[in-house]
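Structure, as structure tokens:
Heavy-atom basis, side chains included; hydrogens, waters and symmetry copies ignored.
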Amino acid sequence: MRSDMMKKGLERAPHRSLFKAMGYTDEEISRPLIGVGHAHNEIIPGHIHLDKISEAVKTGIRMAGGTPVAFSTIGVCDGIAMNHKGMKYSLASREIVADSVEIMAQAHPFDAMVLIPNCDKIVPGMLMAMLRVNIPALMVSGGPMLTGRFQGKDVHLVSVFEGVGRVNAGTMTEEELAELEDVACPGCGSCAGMFTANSMNCLTEAVGLGLPGNGTIPAVSAARIRLAKEAGMAVMHLLQENILPRDIATLKAFENAMAVDMALGCSTNTVLHVPAIAHEAGIELPLDLFNQVSKRAPHLCSLIPGGPHSLQQLDEAGGVAAVMKELLNTPEGLHQDEMTVTGKSLGQNLKNARVRDTTIIRPLSEPYHKVGGIGILYGNLAPDGAVIKQSAVADEMMTHSGPARVFNSEEEAQAAILGGRINSGDVIVIRYCGPKGGPGMPEMLSPTSAIIGMGLGKSVALLTDGRFSGGTKGACIGHISPEAALGGPIGLVEEGDTIIVDIPGKSLKLDVAEEELTKRQASWKAPAPTITTGYAARYAKMVTSGSTGAVLKQG
């Protein structure tokens, strides 16, 4: 066993003594030692209950003959970090999560691992570490939050963000917003909707590194506790059969996950995280592969925030497994022979799956859109690509042309939106917010929600080299690469320039002559860094483009 390096033989007597200091018996030490990496803390609603999930996982490990050894990682709540300096540390935290799990698994050579995340950067960070370390492992999340109820409607965190814009627009009172604030997030779990956390938890299941139900079983359900126990037992089977994460997360498995991404209408952040996770397995996923998969995997589910249905409803309709079962009927189908953490192939897992509600998971004959939920746009404004959640864009904004309204920070743009200085037809440009320029590629949920709240969602587009929350909807185009801080064309846009957006045509164009852009490029100067010390400054020096997953340079 791998753990023999720290527990077996005469020379390991001091090591065993340290285990015994924590109460471990000789019998427990002799068994396989299974690392249980969790992100329990008291700052993230998605993580507040992970201590209970962790205990259930440990129970499952013991039931199957192993000894669980728990450890923790950091976590950032994107909602609480939103729209202030804290958001510059969110994406950057993904690397710290990955590094911390790697460090724990290498310094203490566990025989296998179960990883327990639940929110935006923690899920991909743990998956990156899982593939980097490559010992038998699987993931079980804490599950999605339930929606709240307000004035007879389902509500969620983004409802509150949009409420701020509605108050400024005069369509909601401050008293109503205070009431909404009290009920929108009713308890533990990753925020209710197909936001980034739930997107990544669903894709973990789709790629085969999480058990069926991982993405959709509600956080407060007893079924979530049972799933955690099953995960603890399943990892012992993976250990026995020596099934490794890289045996599961193959190129074909990632293509399966991308197809599910398209069918569900997942967060644009998946375009950052999926390539970064694949990178750890030595697999390169070019950005245009998302467009290729989008052509063959239609949009089948209209989930919050782009549609009316919740994760709980998706779970009741059959969950990710039912969506994958429906995708089997596409001309290209799915790669059914890929191994999963159940110890069975994807095809075997899907044998008994079925769609229980065709109003939640539509048949292929009646998709919401014939193409998938994510689109990659190219053009002279985004030579290396830009990302749009096309399933959440109003029909009238699928093509748009308008004057650029240029801002060099999110705060400036937010003030202009809430101050009524943005007009119908405008194209808001927020730049110097990329992985290097942000630094950390901050999310733009506040301005995008303000646009919706101010009633501009069907007449205004927003472009940025930063990124968006999974809660964003509307004509919001992010990850524009190269970013402004690296001299990308978005840094050359001037107030009033015409920008042409053609989502069906996958085009993003700045309608300015090439000679003029060359002239502007010659006089462009990189701005001074906004953070010059500490981790964020180091991150800015090492991070690569959003088009490559914002992974860090090696060496």
Side-chain angles (χ1 to χ4, degrees), residues 78-79 82-84 87 148 150-151 153-181 183-185 191 193 195 267-268 304-308 388-431 433 442-464 466-478 493 495-499 501 503:
D78 278 18
M82 198 71 65
N83 199 32
H84 58 83
M87 182 45 67
F150 177 69
Q151 296 180 347
K153 297 181 180 179
D154 287 341
V155 290
H156 42 84
L157 176 66
V158 177
S159 305
V160 188
F161 273 94
E162 292 175 358
V164 175
R166 291 177 63 190
V167 170
N168 276 273
T171 59
M172 174 181 272
T173 67
E174 290 190 36
E175 292 74 20
E176 287 175 316
L177 179 59
E179 182 183 345
L180 173 61
E181 174 187 323
V183 300
C185 299
C191 292
F195 310 145
S267 164
T268 52
I304 296 168
I388 177 75
K389 187 172 182 175
Q390 55 195 13
S391 60
V393 178
D395 289 343
E396 49 264 65
M397 290 298 292
M398 294 300 285
T399 59
H400 181 77
S401 176
R405 302 296 306 280
V406 182
F407 304 94
N408 290 337
S409 72
E410 178 187 358
E411 292 78 10
E412 294 174 40
Q414 177 79 343
I417 296 166
L418 294 179
R421 301 198 303 274
I422 300 299
N423 303 312
S424 178
D426 285 349
V427 179
I428 300 169
V429 177
I430 307 177
R431 60 192 183 190
C433 294
E443 290 185 346
M444 305 288 173
L445 181 57
S446 291
T448 60
S449 296
I451 288 170
I452 300 296
M454 296 287 284
L456 298 170
K458 295 182 178 181
S459 62
V460 167
L462 189 152
L463 280 58
T464 182
R467 61 193 177 91
F468 299 117
S469 161
T472 291
K473 58 185 176 183
C476 299
I477 300 168
V493 181
E495 187 82 6
D497 285 348
T498 298
I499 293 176
V501 178
I503 297 172

Measuring from [X]:[atom1] to [Y]:[atom2], what's the distance to the nearest 0.5 Å?
X      : Y      : atom1 : atom2 : value
Met398 : Ile503 : CE    : CD1   : 5.0 Å
Met454 : Ile417 : CE    : CD1   : 8.5 Å
Ile304 : Ser159 : CD1   : OG    : 7.5 Å
Asp78  : Cys191 : CG    : SG    : 9.0 Å
Leu456 : Ile451 : CG    : CD1   : 7.0 Å
Asn83  : Met444 : CG    : CE    : 9.5 Å

key: Partner residues of Thr472 under the side-chain hydrogen bond (donor to acceptor under 3.5 Å, both in side chains) criterion, sequence neighbours left out   = Thr448

ask   = Can you list the residues that meet the side-chain hydrogen bond (donor to acceptor under 3.5 Å, both in side chains) rule with Thr173, with sequence neighbours excluded?
value = Glu176

Kindly give the heavy-atom pair with the smallest separation between [X] and [Y], and that separation in Å.
X      : Y      : answer
Ile422 : Val460 : CG2-CG2, 4.1 Å
Ile430 : Ala413 : CD1-CB, 3.5 Å
Ser469 : Ser267 : C-OG, 4.5 Å
Cys433 : Thr464 : CB-OG1, 4.2 Å
Ala169 : Gly453 : CB-O, 3.8 Å
Leu462 : Pro447 : CD1-CB, 4.2 Å

task = Test side chain to side chain contact (heavy atoms under 4.5 Å, CB included) on Lys389 and Phe468 and set out the steps.
result = CA-CA 10 Å; Lys389 187 172 182 175; Phe468 299 117; over 6 Å; no

query = With no hydrogens and no angle check, is any side-chain donor or acceptor of His400 less than 3.5 Å from a backbone partner on Gly425?
reply = yes

request  = Would you confirm whether Arg405, through its side chain, and Ala416, through its main-chain N or O, come within 3.5 Å as a donor-acceptor pair?
outcome  = no

request  = Evaluate whether atom CD of Glu495 has more than 12 neighbouring non-hydrogen atoms of other residues, nucleotides or ligands under 6.0 angstrom away.
outcome  = yes

request  = Begin from the C-alpha positions of Arg467 and Thr268 and carry the test side chain to side chain contact (heavy atoms under 4.5 Å, CB included) through to its verdict.
outcome  = CA-CA 8 Å; Arg467 61 193 177 91; Thr268 52; 5.8 Å; no

key: Result of checking Ile428, Asp426, Val429 against Ile499 for side-chain contact (heavy atoms from CB on, under 4.5 Å)   = Val429

query = Is Val158 close to Phe195 at the side-chain level, that is, under 4.5 Å between some pair of heavy atoms?
reply = yes

